Amino acid sequence: MRTPAMLRWAAALAVLLAVAAPAAGFYLPGVAPSDFAKGDLLPVKVNKLTSIKTQLPYTYYSLPFCKPDTIIDSAENLGEVLRGDRIENSPYVFKMGEPKMCQIVCKAKIGEKEAKELKEKIEDEYRVNMILDNLPLVVPVKRQDKNSIAYQGGYHVGLKGLYSGTKDEKYFIHNHLSFAVKYHRDENSGLSRIVGFEVNPHSVKHQVDDKWNGVDTRLSTCDPHASKFVTNSDNPQEVETDKEIIFTYDVHFEESEIKWASRWDTYLLMTDDQIHWFSIVNSLMIVLFLSGMVAMIMLRTLYRDISRYNQLETQEEAQEETGWKLVHGDVFRPPTYSDLLCVYVGTGVQFFGMLLVTMIFAVLGFLSPSNRGGLMTAMLLVWVLMGLLAGYSSSRLYKMFKGSEWKKITLQTAFLFPGVAFVIFFILNALIWGEKSSGAVPFTTMFALVLLWFGISVPLVFVGSYLGFKKPAMEAPVKTNKIPRQIPEQAWYMNPLFTILIGGVLPFGAVFIELFFILTSIWLHQFYYIFGFLFLVFVILIITCAEITIVLCYFQLCSEDYMWWWRSYLTSGSSALYLFLYAAFYFFTKLQITKLVSGILYFGYMLLASYAFFVLTGTIGFCACFWFTRLIYSSVKID
């Protein structure tokens, strides 16, 4: 059985899981709709404070906002915790269909410490995130170039500004929130479903009309009885030490034609579909170009070469032959560091299986954005389960290389990549912990991750490795000579470093436009849910990696250089270098990160992502080249 078969196993498992999933699909968290009658309570939940300038989330109540009598944490899944989500209840409670105007939440006195924290969060452009019926709060913003509205997730804590006639910059807090709840009413039942949750924040220096009487106090700056409402921030509330801030809100309800099933379309609407199609067309052109080259090699050159080689009558004529046929006695000679190659191939198959299964689930709509953290949770769990394929494929290749210590190769497969990833993750988490951010993964979650690794992943790698090593070793199509053949001097353009670096350009070129949207989604906190495009790009990446590796491997063998094992892995794997360089370019051109810790976090996580991309693309290239060499040498008659 050949190593590329592992990829087919992953695909078969993906289809099986995808077919089985719909049976329970409707009951995924966040998918079942909630119906509300007039007067039903609508509890608003608060989530983390986020900033694209620091990338460090904080809990909502780390700032001196109004608190409910008892703060209750919502149960979060593994993905939510890793994302830094901290969902809690809030003092904002609406009643379905009952608007409120100038509702006082509380009065908070701001001390020196609180004022400093507020100013820091306003300076770093932090946003407050809230949730109503599993819908995130958005701020509608008019587009400058179009007569349409864009939506930004969450509202800013405050803003900076100048009083007229002064030069000193002041900090102002958004202490009045005008909420808009959009609902769709069912004509038959009369019940309503929430389909939109918007806010317009304002900064208002509230004045008490008479005396403070808690939430029943009448304000001269916002009084529905006097038809005086907050519509702007002309008299803003400055953040000052030892001053009091009154927090208020309005809420009104708007009936909408949008149905519950389409309520996420507003958040997920991509206005630049043309760019994605351009990306697909650009990638397809690369694929067609490479496919043409592979077809030419397979149909013309190889067919002619194999026919001529098989028709040679004498040994003298065979000795006069040059090119890839001459190295048939060395082409399947085990490479140096063959153990490490087996480990990386096994890990790459594990990655391939994880991405394929997760992406199929996402394309079919089972990883709804309403199920926050669902994508990350699914990826972790599928990664753990794919340890079976990792162990199987690494041990199959190891046995082909005449290896006998299968337990050693199993341990390396189980611990090499996860170990490196865990060390990087632990260091970055320690930095986040030092900043007292909610993004720091708690000890209990860290323990759960270690338990998944040691309790499920490692045993599955051992099971897969045992099953793979029990099978008969894969036989090479040609015999290997005892004495290695001398490799002739190579032309400059066949230099290993040059071909490896060239080989990574095209796979990266096939994905870099989509990569821009993925980075924007992660680091600029935008929704990414166009998995149909992503799946197409993933397929194109697989084909590109396979074809560029086959083409360069053929040229290498024609130059009588039979050391193709590692080079085939590194050829397509070098695209990870370009990914990291592009991430650095994106950091300096698109992001506004100024803090050292935030910069370290960015490059730490992108280094980890690039390492994973190297393992994935390298394995795809290696498996393609492995299949190609076995195919062409099994077609040649060797005496």
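The figures that follow rest on heavy atoms only: side chains count, while hydrogens, waters and symmetry mates do not. Source: prediction; values computed, not measured.
Relative orientation of the Tyr569 and Phe614 rings is perpendicular, given thresholds of 30° and 60° on the angle between their planes. Ring geometry for Trp565 against Phe401 counts as perpendicular: the plane angle is over 60°, on a 0 to 90° scale with 30° as the lower cut. Classification of the Phe626-Phe622 ring pair by plane angle, with boundaries at 30° and 60°, yields parallel. Ring pair Phe588/Phe603 is tilted by interplanar angle, where 30° to 60° counts as tilted.
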Notebook entry, point to check: Is there a side chain to side chain contact (heavy atoms under 4.5 Å, CB included) between Leu118 and Val157 once you walk through the steps?
Noted result: CA-CA 8 Å; Leu118 276 171; Val157 172; 4.0 Å; yes
Pair Leu519, Leu524 - check side chain to side chain contact (heavy atoms under 4.5 Å, CB included), show working.
CA-CA 8 Å; Leu519 290 179; Leu524 296 182; over 6 Å; no
As a quick check of understanding, evaluate side chain to side chain contact (heavy atoms under 4.5 Å, CB included) for Thr50 and Asn129, giving each step before the final call. CA-CA 8 Å; Thr50 55; Asn129 295 283; 3.1 Å; yes
>> Apply side chain to side chain contact (heavy atoms under 4.5 Å, CB included) to residues Lys119 and Ile122 and explain how you reach the verdict.
In response: CA-CA 5 Å; Lys119 288 176 181 178; Ile122 293 170; 5.7 Å; no
So Thr410 and Tyr466, side chain to side chain donor-acceptor pair (under 3.5 Å) or not? Walk me through it. CA-CA 9 Å; Thr410 306; Tyr466 175 75; over 6 Å; no
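Sorted by first and then second residue, the side-chain hydrogen bond (donor to acceptor under 3.5 Å, both in side chains) pairs with a member in residues 578-606 read Thr520-Tyr586; sequence neighbours excluded. Pairs passing the side-chain hydrogen bond (donor to acceptor under 3.5 Å, both in side chains) check and including a residue from residues 56-68, sequence neighbours excluded, do not occur.
The OG atom of Ser74 sits 12.0 Å away from atom CZ of Arg86, with the distance rounded to the nearest 0.5 Å. Separation of atoms OG (Ser465) and OH (Tyr398) is listed at 9.5 Å; rounding is to 0.5 Å. In this structure, CG in Leu411 is found 12.0 Å from CG in Leu416, a value given to the nearest 0.5 Å. Here the NZ atom belonging to Lys121 is positioned 13.0 Å from the NZ atom belonging to Lys53, to the nearest 0.5 angstrom.
Checking side-chain atoms of Ser574 against main-chain N and O of Thr571 turns up a donor-acceptor pair under 3.5 Å. Between the side chain of Ser438 and the main chain of Pro57, a donor-acceptor pair closer than 3.5 Å is present. A donor-acceptor pair under 3.5 Å is absent between the side-chain atoms of Glu435 and the main chain of Ile432, judged by distance alone. A side-chain donor-acceptor contact under 3.5 Å links Ser572 to the backbone of Thr617. Using a distance-only test at 3.5 Å, with no hydrogens or angles considered, no donor-acceptor pair links the side chain of Glu125 to the main chain of His156. Using a distance-only test at 3.5 Å, with no hydrogens or angles considered, no donor-acceptor pair links the side chain of Thr445 to the main chain of Val441. Looking only at distances, no side-chain donor or acceptor of Arg567 sits under 3.5 Å from a matching main-chain atom of Ile500.
Here the options are Phe462, Phe447, Phe422, Phe415, the test is ring pair (Phe, Tyr, Trp, His ring centres under 6.0 Å), and the partner is Phe454; only Phe415 passes. Of the residues listed (Tyr611, Tyr344, Trp453), the one engaging Phe417 in a ring pair (Phe, Tyr, Trp, His ring centres under 6.0 Å) is Tyr611, and it is the only one. When each of Thr70, Asp73, Ile72 is checked for a side chain to side chain contact (heavy atoms under 4.5 Å, CB included) with Asn89, only Ile72 meets the rule.
Not a single ring pair (Phe, Tyr, Trp, His ring centres under 6.0 Å) links Phe332 to another residue, sequence neighbours left out. Remark: Leu596 pairs with Ile600 by the side chain to side chain contact (heavy atoms under 4.5 Å, CB included) rule, at least two apart or across chains. Looking at residues two or more places apart in sequence or on another chain, you find a side chain to side chain contact (heavy atoms under 4.5 Å, CB included) between Val44 and Ser90, Tyr92, Phe94, Met130, Leu132, Phe197. Taking Lys48 as the reference, Asp85 meet the salt bridge (Lys or Arg N to Asp or Glu O under 4.0 Å) condition, with sequence neighbours excluded. Not counting sequence neighbours, the partners of Glu123 by the salt bridge (Lys or Arg N to Asp or Glu O under 4.0 Å) test are Lys160. Applying the ring pair (Phe, Tyr, Trp, His ring centres under 6.0 Å) criterion to Phe538, with sequence neighbours excluded, gives Phe352. Every residue was checked against the ring pair (Phe, Tyr, Trp, His ring centres under 6.0 Å) condition with Tyr337, not counting sequence neighbours, and none meets it. Every residue was checked against the salt bridge (Lys or Arg N to Asp or Glu O under 4.0 Å) condition with Glu117, not counting sequence neighbours, and none meets it. Take Phe426 and apply the ring pair (Phe, Tyr, Trp, His ring centres under 6.0 Å) test, not counting sequence neighbours, and it matches no residue. For Arg333, the salt bridge (Lys or Arg N to Asp or Glu O under 4.0 Å) criterion is met by Asp330, not counting sequence neighbours.
Within the 4.5 Å cutoff, no side-chain heavy atoms of Trp383 are placed close to those of Val357. For the pair Phe508/Leu515, a side-chain contact is recorded, criterion being any heavy-atom separation below 4.5 Å from C-beta on. Proximity of Trp627 to Ile550: side-chain heavy atoms (C-beta onward) are separated by under 4.5 Å at one or more points. Considering only heavy atoms from C-beta on, Leu135 comes within 4.5 Å of Trp264 through its side chain. Residues Pro68 and Ile71 form a side-chain contact, since some pair of their non-hydrogen atoms from C-beta on lies under 4.5 Å apart. Here the side chains of Leu78 and Leu452 are in contact, with some heavy-atom distance below 4.5 Å. A 4.5 Å side-chain heavy-atom check between Leu82 and Leu449 finds at least one atom pair inside the cut-off.
Between Ser575 and Phe613 the shortest heavy-atom distance is OG-CE2, 3.3 Å. Taking each heavy atom of Asn429 and Gly439 in turn, the nearest pair found is OD1-O, 4.1 Å. Taking both residues in full, the closest heavy atoms of Thr544 and Ala510 are given as OG1-CB, 4.0 Å, listed atom of the first, atom of the second, then distance. When all heavy atoms are compared, the tightest approach of Ser394 to Cys342 is CB-O, 3.2 Å. Among all heavy-atom pairs drawn from Thr549 and Cys625, the shortest one is CG2-CB, 4.0 Å. The two atoms that bring Leu579 and Met606 nearest to each other are CD2-CE, 4.2 Å, heavy atoms only.
Atom NZ of Lys45 has 12 or fewer heavy atoms from other residues, nucleotides or ligands within 6.0 Å. Counting non-hydrogen atoms of other residues, nucleotides and ligands closer than 6.0 Å to CE of Met563 gives a total of 12 or fewer. The environment of Lys436 atom NZ is sparse: at most 12 non-hydrogen atoms of other residues, nucleotides or ligands sit within 6.0 angstrom.
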